[in-house]
Structures are given as C-alpha cells and as structure tokens.
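Since we're looking at a predicted model, the values are computed, not measured.
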Amino acid sequence: MPFRLLIPLGLVCVLLPLHHGAPGPDGTAPDPAHYRERVKAMFYHAYDSYLENAFPYDELRPLTCDGHDTWGSFSLTLIDALDTLLILGNTSEFQRVVEVLQDNVDFDIDVNASVFETNIRVVGGLLSAHLLSKKAGVEVEAGWPCSGPLLRMAEEAARKLLPAFQTPTGMPYGTVNLLHGVNPGETPVTCTAGIGTFIVEFATLSSLTGDPVFEDVARVALMRLWESRSDIGLVGNHIDVLTGKWVAQDAGIGAGVDSYFEYLVKGAILLQDKQLMAMFLEYNKAIRNYTHFDDWYLWVQMYKGTVSMPVFQSLEAYWPGLQSLIGDIDNAMRTFLNYYTVWKQFGGLPEFYNIPQGYTVEKREGYPLRPELIESAMYLYRATGDPTLLELGRDAVESIEKISKVECGFATIKDLRDHKLDNRMESFFLAETVKYLYLLFHPDNFIHNNGSTFDSVMTPHGECILGAGGYIFNTEAHPIDPAALHCCHRLKEERWEVEGLMREFYSLRQHRSRAQRKTVSSGPWEPPAGPGALSSPENQDQPKEKQPAKKRTPLLSCPSQPFTSKLALLGQVFLDSS
C-alpha cells in the first residue's frame, strides 16, 4: 500500500490584528509600500539595538539588552547586516561600517570557529559588501573589484578555513581553530551541508583573487559527496570525512543537507556549470521518487527509501524558492502553500512539524525568526506575481512584530504554542529575514535589475560590466554579482590572440635582426621565463609543454581521530506497515 498523509482539518490559527495596508474585505493584496516601510522600521529597531547594546560582540541578546559572541568574535551581526544597509538605501551607514570592520575585525585569533558558518556569514558577507562598495559610494582603490580591503579580509578569513579541507577525502572538518588549524581532538563527523556549501563563495574568491585553491577545494568536496550517494541516489545527513562512511543515514531536504542542494543549483547558475546542474537534477529525481508525498517532503533511509521521519522542518522552506530557480513553478507553489498553512497555524514555522499529527514535535517548537519561507515567497513572487505571496509577507511582519518585538530588538520565539521568548537575536535576522521581506515588497530595488541598467568599470584586465542584475544569493542572503567573476581575468581566447600577436612580433623582429647582422655573438632571442611566457620562434611548431601548475598555499595536515559517539537527527520514527 502506498504511503499517504492524512492532514487533520480544523487547525487552530493565530489571529493577529491587521494594520492599514493589509487586505480588506474586498480581498485586495497588501500594500507593498506600507509594508516596505514597516520592514525598514523593523530593521532599524533591531540594528540600532545591536549597536547600542551588543557591539562589538557577535550577536544581540534582546531580553537582557547586551551582547555575546556566538560564531567566533567577528562582530558578526555588523558583517551580516552590511549589504542589507545598501539594499535599504543607507549608503552613509554602509560606508561607516566598512571603516569600522577594517579597524576592528581580526581573524588571527585563538577561536574555534564553524567552517560552514564562517564561510556563509563572514566570507560571504565580506565578498558581497566588497562587490557592492562602489554602488554604496565607497571610494574604491585602483584595480577594484580585483582588489580592495573587504576582499582582502574575505580572503584572509577563507584561508583560515583551508586547513579543514586537508583530509583523505577532501571533505572538510566542521570546526577549525583560526590560529592553530584543526584541533587534534576534532570530530571527523560533518553534516552534508557543512561539506557542500562552499562553491558560491570560494569560486567567487578564486575569480577575484586569481588563486584557484578556494574553488578547487570546494569542487573536490562537492564531488566527494556526489560519489558517496547511495545506489538509489540519496545522501545522508552526517558523514565521517576521514573514512567517507555515512554516520547518520536519514535523507531529506532539510537540516544538515539543505544548502548542499542549494549550492549545486546556485553554483551552476553562477559559474554556468552544466555538471553541477546535472548533479542536482539527478538528486531531484531521487528526492521526488523517495521523499515526496502529497507536496510534502519527508525523511527516508538513504539506502532503502523507507520513511524514517514524517516531519517538516522549517529549514526545508527554502525548497520552493530553489524549485523556482529551475523553473518548476507549479510544484514550488503547491509545496509553498503547504508550508504556509503551518505558518498560519502558529504565526511562524516550528523547527519540526509532525505532518500526520498536524502539530509540533516535542522540544522543537521554537521559531528563531528564520527566513526560508519568506525567501521562497520572494523568489516565487518574482516568478508569478501571485498576491498570495505578499500575504505571507504581511503575515510574517504582523507575527514577528506582535510576538517577537521587545525593547532591545527582536527575540527568538522559544515556543510557538505559548509565544515564550528566548534571549537571542540571530545575525541572520538582519542578513536574511528582513532583507527578503524588504525585497518581496520592493519590486524596483536594484537587486531585481533586469539588465536595463549597468555600470562600466575599467580594471587592469579591461572593461568590466557590473550591476546588471542576476545576483546570486548565498545561503545567508548575501548577493553576489555574477558578472564580477569575469572582471579579474581575460578570457583564454583573448589571451591566446594577444600571445599570437606577440609571437608574430618577436619572430619578425628576430628575423630582421639576423638579416642585419653578419655574425651572431649570442644565442637566439628567448622569451621571458615563467607562467604565460611566449614560446621561442624555433619551437613555435613544436607542441607546447604544459606549464607547471600555480603553486598553492600549503594546507595544514590533519591527524586521523577516532569517532566514538554517533550523531543522528532527533525525531519520531514512522514505521510503514506495508
């Protein structure tokens, strides 16, 4: 008998007062201008509270009006909020924060940092801000976007992460010490997303700096995961990066896996890489075959495809937005509407939601103001213009302000059933949640540019077109301008053409020189040695020797460590009796 989901009717909905701008009895859609201003006010209430009470700590504690370090002591909220400032139009504060970060952030510190979180929040945030600096009125240095202080900071942070990738499999450890590298006792077990969520930032960094090591390690990690999939085409949740053995074998689209799939699609678009897209499409077939039921996505055993957890996780709400990027709009909307019903039930998305029971899972009732459903609404609204998506944005603003707003910012909702709060405001609230809300209600924002306007910049490598649109958001909602990846190197065809002209010039010059001289006192002219050097005239008809690969930054070696405790997702087990 096929597995079917029975969704209970008569769900209890959270009723919140509607402000001016919400749809009235005639069913008119929410007024975007009204909610755009409400979202902007939300941002500044949270941002100003962080500056006044928490800076230079990573994050704000809104209930006690103070701060604490969470992911590494980087003034993380300031980095995460930087590009949001520009999207909201605040160029002066953007410029001020750029100076503050240069003066205050130091990565040469004895701190154990999450490789994944440091990449998406710090490296991604700095890269995005670097590429947006000129638009924000920052006086950029000569050679930008191929150089600049924020780019150098992003590169420094990323180099601190490279030791984590020095494993037998090429898949990275989950944690690295920024001063000493990987700790001797570090667990080799890393979640799938913690391995496959680097290609957007690291390929961008390689393109801008000319150092291929970043993109290389990101691609190796992606390929090792691809090679580790099961015979039915699924990947698990946690893997041992030393042995390549799966530790947690639950397969799904949510926590621990999510951004791996996201980066296959976004990496394919950013790099115009057909292989990455083909990999995702193969995964997508397996996901639909084994985890998709009635427009929900469940957790299954990666080798057998049997259902292990019939739960919806709030982190899965990115999936409709990802579906929209590959043009699967109908399926995306159906899944989005399922998730939206959960929001209406609680006024937010609980971390885990038991689908057959239609209620929260014990100890997973909280909502830390995550952005994923709003993110999907923004993508789908750009694709369809469906006013239902604006209604989700309206509901999000009303819920967050009603439940979460306190004197010093916005607090994580500890329990959606009784609206108890927790003393934390994650940096992603300003980086993602507010940003996606604002962009949902701001169709004319520069981020949505369709190519009708652009900026022309001269670099040492020629003219560069920037700001034409097509921004790729990393998984922390930091927009990357894909055109920038082509600014800091010439196309191979152009380089070959120039080298051909130079060879012709030197060949002609040498021929004339020989004709003028009766004797030759020295050997034939030789081109400069080194990468990219021209071939000597005598060897032009000979096959070119392969140039030595560019020397890479050495990575620290990581000792093998035994793993004695097992990790797995928490949740209820569903046994299929068929």
- Query: Quick one: does Glu432's side chain have a donor or acceptor within less than 3.5 Å of a partner on Glu375's backbone?
  - Reply: no
- Query: Under the salt bridge (charged side-chain N to carboxylate O under 4.0 Å, His left out) criterion, do Asp273 and Arg219 qualify, and how do the steps go?
  - Reply: CA-CA 11 Å; Asp273 190 310; Arg219 284 188 178 276; 2.9 Å; yes
- Task: Would you check if Asn354 and Pro356 make a side-chain contact, meaning some heavy-atom pair closer than 4.5 Å?
- Result: yes
- Do the side chains of Leu222 and Tyr260 get nearer than 4.5 Å, heavy atoms only? yes
- Query: Quick check: does any side chain N or O of Lys405 sit under 3.5 Å from a backbone N or O of Ile400, one acting as donor and the other as acceptor?
  - Reply: no
- If you measure from the Lys or Arg side-chain nitrogens to the Asp or Glu carboxylate oxygens, is any gap between Glu398 and Arg394 under 4.0 Å? no
- Query: With a 4.0 Å cut-off, would you call Glu362 and Arg417 a salt bridge?
  - Reply: no
- Non-hydrogen side-chain atoms of Glu59 and Arg424 separated by less than 4.5 Å: yes
- Message: Closer than 3.5 angstrom, by distance alone: can the side chain of Asn445 be matched with the main-chain N or O of His448 as a donor-acceptor pair?
- Response: no
- Query: Can a salt bridge be assigned to the pair Arg334 and Asp295 using a cut-off of 4.0 Å between side-chain N and carboxylate O?
  - Reply: yes
- Between the side chain of Tyr318 and the main-chain N/O of Ile253, is any donor-acceptor distance below 3.5 Å? yes
- Would you please classify the geometry between the Phe346 ring and the Tyr353 ring as parallel, tilted or perpendicular, with 30° and 60° separating the classes? perpendicular
- Can you check whether Phe74's main-chain N or O pairs, donor with acceptor, with Asp58's side chain at less than 3.5 Å? yes
- Task: Grab the two heavy atoms, one from Ala221 and one from Pro172, that are nearest each other, plus how far apart they are.
- Result: CB-CD, 4.1 Å
- Query: Hey, does the side chain of Thr341 reach the backbone of Asn338 with a donor-acceptor pair shorter than 3.5 angstrom?
  - Reply: yes
- Message: Once side chain to side chain donor-acceptor pair (under 3.5 Å) is applied, what residue pairs with a partner in residues 196-205 remain, sequence neighbours excluded?
- Response: Asn119-Glu201, Thr197-Ser259, Glu201-Tyr263, Glu201-Asn474
- Could you go step by step and tell me if Lys245 and Ile239 meet the side chain to side chain contact (heavy atoms under 4.5 Å, CB included) rule? CA-CA 6 Å; Lys245 302 295 184 182; Ile239 195 169; 5.8 Å; no
- Message: Applying salt bridge (charged side-chain N to carboxylate O under 4.0 Å, His left out) to Glu401 and Arg38, what does each step give before you reach the verdict?
- Response: CA-CA 10 Å; Glu401 284 201 333; Arg38 293 269 300 278; 2.9 Å; yes
- Message: Any side-chain to backbone donor/acceptor pair from Ser404 onto Ala411? Under 3.5 Å, distance only.
- Response: yes
- Message: Check this for me, if you would: do Asp83 and Lys435 make a salt bridge, where the nitrogen-to-carboxylate-oxygen distance has to be below 4.0 angstrom?
- Response: yes
- Charged N to carboxylate O below 4.0 Å: is that the case for Arg364 and Asp415? no
- Message: Using a 3.5 Å distance criterion without hydrogens, assess whether the side chain of Asn289 forms a donor-acceptor pair with backbone atoms of Lys285.
- Response: yes
- Counting distance only, does the side-chain N/O of Glu37 pair as donor-acceptor with the main-chain N or O of Tyr35 below 3.5 Å? no
- Quick one: do Glu351 and Arg370 satisfy salt bridge (charged side-chain N to carboxylate O under 4.0 Å, His left out)? Show the steps, please. CA-CA 9 Å; Glu351 294 286 68; Arg370 292 197 186 278; 3.0 Å; yes
- Give the intermediate values and the outcome of side chain to side chain contact (heavy atoms under 4.5 Å, CB included) for residues His478 and Phe473. CA-CA 5 Å; His478 295 304; Phe473 288 97; over 6 Å; no
- Query: For the rings on Phe165 and Phe198, is their centre-to-centre separation under 6.0 Å?
  - Reply: yes
- Task: Kindly assign one of parallel, tilted or perpendicular to the pair Phe336 and Tyr340, based on the angle between their ring planes and the thresholds 30° and 60°.
- Result: tilted
- Are Thr77 and Glu426 close enough that some pair of their side-chain heavy atoms sits under 4.5 Å apart? no
- Do Tyr290 and Leu234 have side-chain heavy atoms sitting under 4.5 Å apart? yes
- Message: Given 3.5 Å as the limit, does a donor-acceptor pair link the side chain of Asn112 with the main chain of Val176, or not?
- Response: no
- Query: Is any side-chain heavy atom of Thr306 less than 4.5 Å from a side-chain heavy atom of Val300?
  - Reply: no
- Item | Beyond-backbone contact of Phe410 with Leu369, side-chain heavy atoms, under 4.5 angstrom | yes
- Polar contact flag, side-chain donor to acceptor under 3.5 angstrom, Trp299-Glu316: yes
- Examine Tyr283 together with Trp226 and report whether their ring centres are nearer than 6.0 Å. yes
- Query: Side chains of Ser427 and Asp80: do they bring a donor and an acceptor to under 3.5 Å?
  - Reply: yes
- Less than 4.5 Å apart, any side-chain heavy atom of Phe446 and any of Tyr471? yes
